[in-house]
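Beneath this line is the structure, given in structure tokens, with notes to follow.
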Protein chains: 2
Amino acid sequence: MASRSEDEQTWTIREVAEEFGVTHRTVRHYEELGLITPERRGTTRVYRRRDRTRLGLILRGKRLGFPLDEIRTIIDLYDAPRGRRSQLEYVLGQIDERRADLEQRRRDLDDALTELARFEERCREDLSRIPR
Amino acid sequence: MASRSEDEQTWTIREVAEEFGVTHRTVRHYEELGLITPERRGTTRVYRRRDRTRLGLILRGKRLGFPLDEIRTIIDLYDAPRGRRSQLEYVLGQIDERRADLEQRRRDLDDALTELARFEERCREDLSRIPR
DNA sequence: CTTGACGTTGACGTCAACGTAAAGCAGCAT
DNA sequence: ATGCTGCTTTACGTTGACGTCAACGTCAAG
């Protein structure tokens, strides 16, 4: 039972890779680029909740089409030191830039979706005019 | 005023490139991949409204993180023949797939934005606790 | 008629994001 | 001890999306 701070569930590289639907090579690639930094038990990589969280953020960033180095600056932002006032102000500025970027994407996305809806409408009309 | 079908405004490659903020090499690359097919006046490329429309769609697709060959299938869809019933049904099916993809992206995007908002909130709280 | 300013076609270079093969160690089941 | 399985590093290959020449055509201006 030992109630120490043993929130220490860990995973192997195969486990996280399979869980997130990527290869171990991909996971290691992200480590090479400094996106995740698993500990080592001897020579073996040990992944914790923090690493899985970051991996999730990375993959979502990829689905959104961000390059990996940009993704790194984004998720590093979440872990950045925010002790001093100047640091916090810097972080808040970065947040604003990020939001502007994301909102541009959402506009593009919404435009694409409404166009698609209009196009579907036209197709359905065409279809309704075809007999049989 | 000569009312012929002279909706024939044209542009050169430099013009469209500059207008859309890309290089002529990029425009030619898209042509190599069959994403746009400008006519030729002799050997020179001639761009019309249709090409500009497609270029706009391509670049929006890129901002959304789609690969170029996927973008081609998407915008080709808009120009696909829809004469027969089977063709229309195929197109409608493709539209559904596209929409599912785009909506997944929007979910990711909204998640990212709400997380960002929460994070900003925390930063502002931290900031309010710092004197001076 | 030469000189730019643009246009054209190759062809090779580059960078990101991995894939893939080669070779080795580490534990442990037989 | 031996082999198997899973993890490791090293290193070169691949694909997508262009960049970057080089070498040449063309047409209006001087």
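Letters go in sequence order (proteins before strands), and every chain restarts at 1.
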Hydrophobic clusters here meaning ILVMFWY residues chained together by side-chain heavy-atom distances under 4.5 Å, can you tell me if A:V46 and A:I36 are in one?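 No; tracing contacts between hydrophobic side chains, which count when under 4.5 Å, never links both residues.
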
Does a side-chain N or O of [X] approach OP1 or OP2 of [N] to a distance below 4.0 Å, or not?
X: A:T23; N: C:dG19; result: yes
X: A:Y30; N: C:dA17; result: no
X: A:K62; N: C:dC18; result: yes

Do B:R25 side-chain and D:dG19 base share a donor-acceptor contact under 3.5 Å?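 Such a pair is found, so the answer is yes.
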
Distance-only donor-acceptor test (3.5 Å): side chain B:R28, base C:dT8: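 Such a pair does not exist between side chain and base.
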
Starting at atom [atom1] of [X], determine the distance to atom [atom2] of [N], rounded to an integer number of angstrom.
X: B:I13; N: D:dC18; atom1: CD1; atom2: P; value: 14 Å
X: B:R14; N: C:dG4; atom1: CZ; atom2: P; value: 18 Å
X: B:E31; N: C:dT8; atom1: CD; atom2: C1'; value: 11 Å
X: B:D69; N: D:dG16; atom1: CG; atom2: P; value: 7 Å
X: B:I71; N: D:dG16; atom1: CD1; atom2: C1'; value: 12 Å
X: A:L33; N: C:dC15; atom1: CG; atom2: P; value: 15 Å
X: A:I36; N: C:dC18; atom1: CD1; atom2: P; value: 11 Å
X: A:E39; N: D:dT8; atom1: CD; atom2: P; value: 14 Å

Identify, between B:H29 and B:H24, the residue whose nearest nucleotide on DNA chain D lies closer to the 5' end. B:H29

Inspect the contact between A:R124 and A:E120 and indicate whether a charged nitrogen and a carboxylate oxygen are less than 4.0 angstrom apart.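 Between A:R124 and A:E120 there is a salt bridge, with a charged N closer than 4.0 Å to a carboxylate O.
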
Could you tell me whether A:R40 contacts a base, only the sugar-phosphate backbone, or nothing, with contacts defined as non-hydrogen atoms closer than 4.0 Å?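 The residue A:R40 makes sugar-phosphate contact but no base contact.
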
Contact class for B:F66 vs. all strands (heavy atom < 4.0 Å): base, sugar-phosphate, or nothing? nothing

With DNA chain C as reference, determine whether A:T26 or A:T43 sits nearer its 5' end, using the nearest nucleotide of each. A:T26

Shortest non-hydrogen separation from B:V27 to B:Y47 and the atoms involved: CG1-OH, 3.4 Å

Do you know which two heavy atoms are closest between A:R99 and B:L116, and how far apart they sit? N-CD2, 3.6 Å

Nearest 0.5 angstrom please: B:L113 CG to A:L102 CG, how far?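 Output value for this atom pair is 4.5 Å.
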
